[in-house]
Every structure is written in structure tokens, then in C-alpha cells.
2 protein chains.
Amino acid sequence: MKSNDIKEAALKYFTIHGYEGASLSQIAEEVGMRKQSIYAHFKGKDDLFLNVLRDAKETELTSKLQYFSKVDSNNPEQDLYGFLQLIIDLFQKNEHVKFWLRMSFFPPAHLEEAITEEVMDIEEKVQVILEQKFQGWIDAGLIIEEAAITPTFAFLGVVDSIMLELVYGNDEQRLKDKVTASWTVFWRGISA
Amino acid sequence: MKSNDIKEAALKYFTIHGYEGASLSQIAEEVGMRKQSIYAHFKGKDDLFLNVLRDAKETELTSKLQYFSKVDSNNPEQDLYGFLQLIIDLFQKNEHVKFWLRMSFFPPAHLEEAITEEVMDIEEKVQVILEQKFQGWIDAGLIIEEAAITPTFAFLGVVDSIMLELVYGNDEQRLKDKVTASWTVFWRGISA
DNA sequence: CGAATTTTAACGAACGTTCGTCAGTTATCT
DNA sequence: AGATAACTGACGAACGTTCGTTAAAATTCG
């Protein structure tokens, strides 16, 4: 399907240059066609963007949900650290994640509403699952006894900070060190 | 000085729409002049942008350095939590910070090198000071005995995650909860 | 002091370029 | 043959930028 090639190229340029900075000419050139031919597949720039956005959302969502449905151990240390590694792997092999991050926090103004809706949808689902997990571990006496929302938010914070370091991403060693540091302190801060 | 009005308006539009999405027409209109008049004060769009960038850098740097030179107590809990509050205050009353954050992580491609240089300069200075502080607290037995870089990186991670939440910024209560959660877990994870 | 001169800051008009988009035509492929 | 998807050509609008000009403010000089 040629539409997928277009979306792939669009993803690349939207990620690097943002919505306003990405031009249909560049995207078309990457695929090996003229920019007008894109209109045989999409209604226009917005339509193309929103399609890429939804693909990115699905990648993001299913990867995360699948991880937590797969692992079901009573080993929070392994599960949580594994999730951090999943994020790192996803980010490095899948351009969708960087695109998703950029558009989550700096969306094109005229599409902010549509984007925020999708972002909040994921955010909420992940938070709910994470909170349930933590509640289970608290009940099992595996981590400190407190409101489940506390380790949930703290962990989401660790995830965010690692994603930022991934975006920054010009120093592999620094990334490893920051992950190790954040994880060490976080785990000490919640383990019973 | 009219130049400052221009820079102020430019800061606003660069922050909201990014480099590519901000137009000189809009910026000029905000100040009450035509876009051509901007060229009496700046060589062009790049020159205007880099001037705004350097202002933002100075605000960012002096605020942070000043905080750590002012407080010199043996109370890391107070100092560190105060720093988080400083970040939040700065962000909410000063548009420079959001601009700085956006351009740090998603710079316009053709200015990436110049921007990265400025960003790394701040990053490094803050890290050095923070690491010295932590070393002092470790030596005084106030926090866990380990390599000073560990709490430093972990704390920088907390700062980053809070800044992201500030950018996201559509839920004041959620911000407070995330700050509280991250801080609680972090502090428990490093306090002796 | 007052006149002459330079500097500053704004302007309208226009430049060449690129943007996203639409219409009509040709080529490809079942 | 008919449908799909590519093409060429053209559109108005906006972009950043340069030009020449004007009016006012600041500076220099007789």
C-alpha cells in the first residue's frame, strides 16, 4: 500500500520539523512522487496528520497495554524496570513514540483539541492499569503501604523524564546513567 | 526600547507555534507595526530568534544559580523541595521557561547546533552545582551514602518530569499531586 | 543658539519562493 | 473498459526579505 509509504515519510518529517515545518513537497519527494499525488490518498495535510497521529496512538497504546497484560508476576521490581526498558526499546526502534511525545506537548494550535483528546485517552488508560497494579502490590505487602496513586504518579514521572532524555538523545552513556539513577532512587522510595 | 517589545511578542509566538509556525507578520502586529520594521532592529528571523534564545537562557541560568547560592543550609529536604517550587513559579510567571524547554528538545533544524551549545552550557553548570551540594549532604550524613551522581540525576529527572507536567498544564490539581508523589518517593529514596 | 547634518525607526511596495490545494489529463493495472 | 493513482499545470495566499522613502529625533557645526 502506497498510503503507508506516505504516512511513514510524513511521520518522519512531522517528527523532525513539526507540523508547520513539514512540507508536503518533502514528504512526497521522500516517497518518490509529486506533492499533488498525496491528495489521491488523503484529503489534505490535516487529514494526513491525523491519520499518522492515530497510528502513533495505536502503537503507543497497544504496546503499553500488551506489556502489562503479558507480565502478571508478583515481582514489581522486575515488571516496572521492564516497563522502562520497553519504553526505551520502543523509542529507539519506533519513530512513532517521538512523534507522539512532540505532538502531545507541542501540538499544532489549530488541531490542539483533537490531539488532546487522544492523548488524554491513553494517559488515563495507562494510569488506571498502573494504579491497579500498584494496589495489588501494596496489598501483597511488596511495596510501601500508602495511597496507590503516589507510586503511580511517581513512576509516570520517571517514565516522562526518561522519555525527555531519549528525545535529547545525544549521549548513550548519560541515558543509561540517568535511567539507573532514577530507577535506583525510585525503587528505594517505594519498596517495603 | 521597542526592541524589547518585539522580543517579547516573538517569545510568545515562538513558544506557542514554534520557530516555523511563528510569522513575522503576527509578531509585528502584536507590537503594532509592520513586519518590515522588524528589520530595523534585527537582521532577520534567525537573528531575532537567537536574541530571544539568549534572553531565555540568561533568565533560566541566573534564576537557578542564584537560588543555590542563596540557600546554603544543611537542610537538603528544604533546599531541594524549594528548588522544585522555584521551577514551578518560574514557569508560571515567566514565559521564557516554556520557550526554553520547547527549543531544547525540539529545536528548528537549521539552528540545532547553536541551540544545543547553549543548552548544554546550562545543563552542565546546574549539574555540577547540584552534584557538589549532594556530595556535601552525603558527607554530612544527611542522605544515603552513595555516588553523588545518583541523587543528582534522579533529582534532575524529577525536575524534568515536573516541567513536562507544567507544559501539559491543563490540570492544576494533577500537577500538585504529581509533584507531591514524585517528591515523596524521591525523598524517601535518598534520605538516610 | 540656531542651522545643517546624520541617525533612527517606521512605512508601502515589491521581490522571489514556497505553501497547500484544486482541476484536468495521462498512465497503470485488474 | 473502468477504476485507481499518478502526472502536469495552475491557483491564491503567505512567507521572509530587500528596496527606496519619509518623518522625526539626535548630533554636529558655524
Side-chain angles (χ1 to χ4, degrees), chain A residues 1-56 99 102-103 106-115 118, chain B residues 1-56 99 102-103 106-115 118:
Chain A
M1 198 71 96
K2 208 74 177 184
S3 293
N4 284 35
D5 292 355
I6 298 175
K7 284 197 283 186
E8 203 170 314
L11 170 68
K12 174 180 170 182
Y13 281 96
F14 282 141
T15 303
I16 300 178
H17 299 106
Y19 177 89
E20 296 91 348
S23 78
L24 295 184
S25 321
Q26 290 175 317
I27 294 170
E29 192 182 18
E30 178 100 356
V31 187
M33 55 166 62
R34 306 274 145 175
K35 62 173 176 175
Q36 301 95 318
S37 306
I38 293 178
Y39 285 78
H41 302 265
F42 302 95
K43 291 181 189 171
K45 195 181 186 183
D46 282 6
D47 185 40
L48 172 58
F49 177 86
L50 290 174
N51 271 280
V52 173
L53 183 78
R54 281 173 201 126
D55 284 2
F99 169 85
R102 176 167 195 160
M103 296 314 160
F106 302 108
H110 74 289
L111 295 177
E112 181 170 4
E113 201 171 346
I115 295 173
E118 310 272 18
Chain B
M1 199 72 98
K2 209 73 176 186
S3 293
N4 285 36
D5 293 355
I6 298 175
K7 284 198 283 186
E8 205 170 312
L11 170 68
K12 174 180 169 183
Y13 281 98
F14 283 142
T15 304
I16 300 178
H17 298 108
Y19 178 89
E20 295 90 350
S23 79
L24 295 184
S25 320
Q26 289 176 317
I27 295 170
E29 192 182 19
E30 178 101 354
V31 187
M33 56 166 61
R34 305 275 136 175
K35 61 173 174 175
Q36 307 94 306
S37 307
I38 293 178
Y39 287 78
H41 302 266
F42 303 94
K43 291 181 189 171
K45 195 181 186 182
D46 282 6
D47 185 39
L48 171 58
F49 177 85
L50 290 173
N51 271 278
V52 173
L53 183 78
R54 279 171 203 129
D55 285 3
F99 169 86
R102 176 167 197 159
M103 297 312 160
F106 303 108
H110 74 291
L111 295 176
E112 182 171 3
E113 200 172 346
I115 296 173
E118 309 274 17

Report the distance from atom [atom1] of [X] to atom [atom2] of [N], rounded to the nearest whole Å.
{"X": "A:Phe42", "N": "C:dC22", "atom1": "CZ", "atom2": "C1'", "answer": "18 Å"}
{"X": "B:His17", "N": "D:dA14", "atom1": "NE2", "atom2": "P", "answer": "15 Å"}
{"X": "A:Ile38", "N": "D:dC7", "atom1": "CD1", "atom2": "C1'", "answer": "14 Å"}
{"X": "A:His110", "N": "C:dG20", "atom1": "NE2", "atom2": "P", "answer": "11 Å"}
{"X": "A:Ile27", "N": "C:dG20", "atom1": "CD1", "atom2": "C1'", "answer": "11 Å"}
{"X": "A:Asp5", "N": "D:dA6", "atom1": "CG", "atom2": "C1'", "answer": "14 Å"}
{"X": "A:Asp47", "N": "C:dG20", "atom1": "CG", "atom2": "P", "answer": "14 Å"}
{"X": "A:Met33", "N": "D:dA6", "atom1": "CE", "atom2": "P", "answer": "4 Å"}

Contact class for A:Ala28 (heavy atom, under 4.0 Å): base, sugar-phosphate, or nothing? nothing
Looking at every strand, decide which applies to A:Ser37 at a 4.0 Å heavy-atom threshold: base, sugar-phosphate, or nothing. base
When you measure from the side chain of [X], which nucleotide among [options] comes out closest?
{"X": "A:Arg34", "options": "D:dT17, C:dA10, D:dC7", "value": "D:dC7"}
{"X": "B:His41", "options": "C:dA9, D:dT18, D:dG9", "value": "C:dA9"}
{"X": "B:Lys35", "options": "D:dT17, C:dT21, C:dA9", "value": "D:dT17"}
{"X": "A:Lys2", "options": "D:dC15, C:dT21, D:dA6", "value": "D:dA6"}
{"X": "A:Leu24", "options": "D:dT18, C:dA9, C:dG20", "value": "C:dG20"}

Any N or O donor-acceptor pair under 3.5 Å from the base of C:dG20 to the side chain of A:Gln36? no
From CG (B:Asn4) to CG (B:Leu11), nearest 0.5 Å: 11.5 Å
Check whether any side-chain heavy atom of A:Glu20 sits under 4.5 Å from a side-chain heavy atom of A:Phe14, and report yes or no. no
Do A:Pro108 and A:Met103 come within less than 4.5 Å of each other through their side chains, counting heavy atoms only? yes
Is there a side-chain polar atom (N or O) of A:Ser25 under 4.0 Å from OP1 or OP2 of C:dC19? yes
Donor-acceptor side-chain pairing of A:Asp55 and A:Asn51 below 3.5 angstrom: no
Can you sort out the partners of B:Lys2 under side chain to side chain contact (heavy atoms under 4.5 Å, CB included), two or more places apart, ordered by chain and number? B:Asp5, B:Val31, B:Met33, B:His41
